[in-house]
Amino acid sequence: MSNELRQKAIRMLARREHTRAELARKLAAHGTPEEIAAVLAEMQATQLQSDSRAAESYVRSHASRLGASRLRQNLKTRGVTGELIDVQLAPGSLPDELERARVVWRKKFPEAPSDAQEWARQARFLQSRGFASDVIRRLLKEPAGATD
């Protein structure tokens, strides 16, 4: 096993948690598949790399800005398994989706939508952040006084 490859993996993990798939992708240009597999196995065996920790870290740092569906998609893209995603996004493990959407919405928009076009623009923004349609409808249909 290449010591240089091992050092690259350790440097990446020192910056932030990575999933096994992310590390494999980043190391692909620096070694053979066999060397990479050996380094990844060592990183997992010594607990330097953990998909569970990587998923938890990602959710913790992004949950305040993203809805559950966007978090789920981003975790899949990072190579996290479906079961692990379900554990991280289990009901009760995140703050209320409506409250998170309200915080994101307030930072972006100073006031409630005044017409259908503005309503659609604000709804698209929240949808792009991964908030569910029912949450968006509830948030944007609230009377202006209820959001203060």
Side-chain angles (χ1 to χ4, degrees), residues 1-110 112-113 116-142 147:
M1 168 176 36
S2 165
N3 194 38
E4 184 179 319
L5 196 60
R6 185 176 176 280
Q7 292 303 317
K8 279 186 188 302
I10 290 172
R11 280 194 303 273
M12 287 179 203
L13 290 168
R15 281 187 229 118
R16 74 166 173 86
E17 295 284 352
H18 286 73
T19 63
R20 183 180 176 94
E22 285 178 308
L23 268 182
R25 191 170 43 251
K26 289 181 177 185
L27 294 174
H30 304 287
T32 66
E34 295 79 23
E35 289 174 327
I36 293 168
V39 167
L40 293 176
E42 179 191 348
M43 296 295 117
Q44 283 185 310
T46 58
Q47 294 294 308
L48 291 174
Q49 189 279 321
S50 162
D51 280 359
S52 178
R53 262 196 337 259
E56 182 182 342
S57 173
Y58 180 82
V59 168
R60 191 175 47 248
S61 66
H62 291 82
S64 65
R65 298 185 311 277
L66 301 175
S69 64
R70 178 88 179 267
L71 288 169
R72 180 176 299 280
Q73 183 58 42
N74 289 354
L75 287 170
K76 279 183 189 174
T77 302
R78 292 171 176 270
V80 178
T81 65
E83 323 167 329
L84 207 45
I85 292 172
D86 290 342
V87 167
Q88 292 300 319
L89 301 180
S93 63
L94 293 174
D96 180 55
E97 181 109 345
L98 181 61
E99 286 305 311
R100 292 189 351 256
R102 182 176 287 121
V103 169
V104 169
W105 174 71
R106 278 187 182 156
K107 282 183 183 177
K108 177 79 173 175
F109 300 103
Q117 186 176 3
E118 182 61 18
W119 193 95
R121 187 172 83 88
Q122 291 184 17
R124 278 192 308 273
F125 168 76
L126 290 167
Q127 194 173 29
S128 75
R129 293 293 181 97
F131 293 103
S133 298
D134 63 319
V135 169
I136 294 169
R137 272 193 302 277
R138 282 180 31 212
L139 176 63
L140 295 180
K141 287 186 178 184
E142 287 178 345
T147 60

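All residue numbers refer to positions in the sequence shown, counting from 1.
Here the side chains of Leu40 and Leu23 are in contact, with some heavy-atom distance below 4.5 Å. Counting only heavy atoms from C-beta outward, the side chains of Gln88 and Leu94 never approach each other to under 4.5 Å. Looking at heavy atoms from C-beta onward, Leu140 lies in side-chain contact with Pro113 at the 4.5 angstrom threshold. No side-chain heavy atom of Val39 sits less than 4.5 Å from a side-chain heavy atom of Glu35. Proximity of Val103 to Lys107: side-chain heavy atoms (C-beta onward) are separated by under 4.5 Å at one or more points. Between Phe131 and Leu139 the shortest side-chain heavy-atom distance does not fall below 4.5 Å. You'll find the side chain of Tyr58 stays beyond 4.5 Å of the side chain of His18, heavy atoms only. Under the 4.5 Å side-chain criterion, counting only non-hydrogen atoms from C-beta, Leu66 is not in contact with Arg100.
Of all the heavy atoms in Ala101 and Val135, the pair that sits closest is CB-CG1, 3.8 Å. Nearest heavy-atom pair, Leu27 versus Ala9, reported as atom, atom and distance to 0.1 Å: CD1-CB, 4.0 Å. Shown here for Glu17 and Arg53, the closest heavy-atom pair between the two residues is OE2-NE, 3.0 Å. Here the closest heavy-atom approach between residue Arg65 and residue Arg129 is recorded as O-NH1, 3.5 Å. Considering every non-hydrogen atom in both Gln127 and Ser133, the closest pair reads NE2-OG, 4.3 Å.
Salt bridge Glu22/Lys26: absent, no basic N to carboxylate O contact under 4.0 Å.
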Let's go through Leu84 and Leu75 carefully: what are the C-alpha distance in whole Å and the side-chain angles of both, what is the deciding distance for side chain to side chain contact (heavy atoms under 4.5 Å, CB included) to 0.1 Å, and is it a yes or a no?
CA-CA 9 Å; Leu84 207 45; Leu75 287 170; over 6 Å; no
Gln73/Arg70 under side chain to side chain contact (heavy atoms under 4.5 Å, CB included): CA gap, chis, key distance, verdict:
CA-CA 5 Å; Gln73 183 58 42; Arg70 178 88 179 267; 5.7 Å; no
Check the pair Asp51, Thr81 against side chain to side chain contact (heavy atoms under 4.5 Å, CB included), reporting the backbone distance first and the verdict last.
CA-CA 9 Å; Asp51 280 359; Thr81 65; 5.5 Å; no
Let me see the working for His62 and Asn74 under side chain to side chain contact (heavy atoms under 4.5 Å, CB included), right down to the final yes or no.
CA-CA 10 Å; His62 291 82; Asn74 289 354; 5.9 Å; no
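Checked by atom type and distance alone, the side chain of Ser93 pairs as donor or acceptor with a backbone atom of Ala90 at under 3.5 Å. When atom types are taken as modelled, the side chain of Ser57 and the backbone of Ala54 share no donor-acceptor pair closer than 3.5 angstrom. Judged by distance alone, with hydrogens and angles left aside, the side-chain atoms of Ser69 form a donor-acceptor pair with the main-chain N or O of Gly130 at under 3.5 Å.
Taking the six-membered ring where the residue is Trp, Trp105 and Phe109 present tilted rings, their angle falling between 30° and 60°.
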